[in-house]
Amino acid sequence: MFMNSFEKKTEEDRVLTAKVSICELNGIWQVYWTEPNGMGEPEQHQWFEGSGWSEMLTSFRGNVLEKMSEGYAPLLDGVTGDLQSMNGRAEFIQKLHYYSDINRNDAVFDQLRAWRRTQAGKEGKAPYMIATNRLLQVISTFLPQTHEELMQLPGFGQYKLNQYGSGILAVTGQVKREWSFPLNWVADKIDYVQYKLWLHRQQQAFEQRETERKNRKLAVLEAALKGSGLSELEASSIPRRDAVAIIEELDKEGYDVEPIINAELQSVSQEERERAMSAFLSVGDRYLKPVLNAVYGEEALKDINADRAYEWLRLLRIRYRREKETGAAKAG
């Protein structure tokens, strides 16, 4: 149904010719690549066989991009198609991310991570809430020197500028650079084929993460319905921290996660649970560190497993919020 030829120049100034073909028989798609082997004889490789159209296209495009990255050029343009639909701004951002992936300044990146850890500790927040690794990577690559330049980077808005701009510039301002803002020059500095291949791999990684996330979510839901605990999920290769996050997500979606909450709270004393519930009322339920301090006291915190304590507090918070919503609904 489809065929295209590719050519690749060798160091001996020879030209190798290869072909890619897509065919369909009784609802089964097949994709073949044929190129010369070491003896110069054509050798066929099967890239795909299956009934899924989208899966076939994904395999076809990804493998073609791999071959193009090796030096093969298609005789017919547009062979890979659009890997994703993006407007001008979105494509510009993707190219900045790609460029930063292959040109990251690791020394500055490590300094920014150290700054983030310190800042997160001061605010009692998770480091990713201050700045993601991707944002720090972009900053470490392009080295903004002013507030205006920081605002030109994807993921950096006015709030982050007000909160963290000075701290970041204290790091990047010490490093010399050989380029300027705005960053319109980036598009001319990247290899288009390698960029498209990077995009394809990013999409594959995203789809793989989504599949894994859905499978984990299903496993946690089944555990919640059975009243299994986090230890059982951990034994099935789902980290306890991830399991708790999924339980919170399931609760927001309306699933009954009370059985797994009950299972986990069995190991927590009634007194501890009552102190935590009282703390939720007095200091709020947004941040757990003040609640943890209220339950154990700062001195006693040295003698407990903080990770386990945060686990049961997150689960108890689900119950607290549900009871709070139920009470508000009855009052209304």
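Along the sequence shown, residues are numbered consecutively beginning with 1.
The environment of CZ in Arg308 is crowded: more than 12 heavy-atom neighbours from other residues, nucleotides or ligands sit within 6.0 Å. The local environment of NZ in Lys217 is crowded, with over 12 non-hydrogen atoms from other residues, nucleotides or ligands closer than 6.0 Å. Enclosure of atom CD in Glu210 by more than 12 non-hydrogen atoms of other residues, nucleotides or ligands within 6.0 angstrom is indicated.
Taking NZ of Lys196 as the reference point, atom CG of Asp191 lies at 12.5 Å (rounded to 0.5 Å). Taking CG from Leu112 and OG1 from Thr172, the interatomic distance works out to 7.0 Å, rounded to the nearest 0.5 Å. Taken from NZ in Lys8 to CZ in Arg14, the straight-line distance is 11.0 Å, to the nearest 0.5 Å.
Checked for salt-bridge contact, Glu271 and Arg275 meet the test: a charged N lies under 4.0 Å from a carboxylate O. Ion pairing between Lys67 and Glu70 holds under the 4.0 Å rule for side-chain N and carboxylate O.
With sequence neighbours left out, Phe109 forms a ring pair (Phe, Tyr, Trp, His ring centres under 6.0 Å) with no residue at all. In this structure, Phe48 has no ring pair (Phe, Tyr, Trp, His ring centres under 6.0 Å) partners at least two apart in sequence or on a different chain. For Trp33, the ring pair (Phe, Tyr, Trp, His ring centres under 6.0 Å) criterion is met by Phe6, Trp47, Tyr72, not counting sequence neighbours. Partners of Glu178 under the salt bridge (charged side-chain N to carboxylate O under 4.0 Å, His left out) rule, at least two apart in sequence or in another chain, do not exist in this structure. Under the side-chain hydrogen bond (donor to acceptor under 3.5 Å, both in side chains) criterion, Asp242 pairs with Arg216, not counting sequence neighbours. For Glu258, the salt bridge (charged side-chain N to carboxylate O under 4.0 Å, His left out) criterion is met by Arg319, Arg322, not counting sequence neighbours. Under the rule for a side-chain hydrogen bond (donor to acceptor under 3.5 Å, both in side chains), the partners of Glu49 that lie at least two apart in sequence or sit in another chain are Gln30. Take Glu43 and apply the salt bridge (charged side-chain N to carboxylate O under 4.0 Å, His left out) test, not counting sequence neighbours, and it matches no residue. Scanning for side-chain hydrogen bond (donor to acceptor under 3.5 Å, both in side chains) contacts around Glu325 gives an empty result, with sequence neighbours left out.
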### Query
Given Asn184 and Phe92, is the side chain to side chain contact (heavy atoms under 4.5 Å, CB included) satisfied, shown in steps?
CA-CA 8 Å; Asn184 298 331; Phe92 173 69; 4.3 Å; yes

### Task
Run the numbers on Tyr296 and Glu272 for side-chain hydrogen bond (donor to acceptor under 3.5 Å, both in side chains), then give the verdict.
CA-CA 8 Å; Tyr296 295 106; Glu272 287 172 311; 2.8 Å; yes

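Remark: the backbone N or O of Ser180 is paired with a side-chain donor or acceptor of Trp185 at under 3.5 angstrom.
Every pair passing side chain to side chain donor-acceptor pair (under 3.5 Å) that includes a residue from residues 228-238 is listed here, sequence neighbours excluded: Ser231-Arg240.
Through chains of ILVMFWY side-chain contacts below 4.5 Å, Tyr128 is grouped with Met129.
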List the atom pairs, with distances to 0.1 Å, where a side-chain N or O of residues 153-160 and a protein N or O form a donor-acceptor pair under 3.5 Å, not counting sequence neighbours.
from: Gln158; atom 1: NE2; to: Asn162; atom 2: OD1; distance (Å): 2.9
from: Lys160; atom 1: NZ; to: Ile130; atom 2: O; distance (Å): 2.8

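Tracing side-chain contacts under 4.5 Å through hydrophobic residues (I, L, V, M, F, W, Y), one reaches Phe181 starting from Leu169; they form part of the same cluster. Both Leu136 and Tyr164 belong to a common hydrophobic cluster when Ile, Leu, Val, Met, Phe, Trp and Tyr are linked at side-chain heavy-atom distances under 4.5 angstrom. The same ILVMFWY cluster, assembled from side-chain heavy atoms under 4.5 Å apart, contains both Ile246 and Leu225.
Between Trp198 and Tyr195, the two ring planes are parallel [angle under 30°; tilted spans 30° to 60°].
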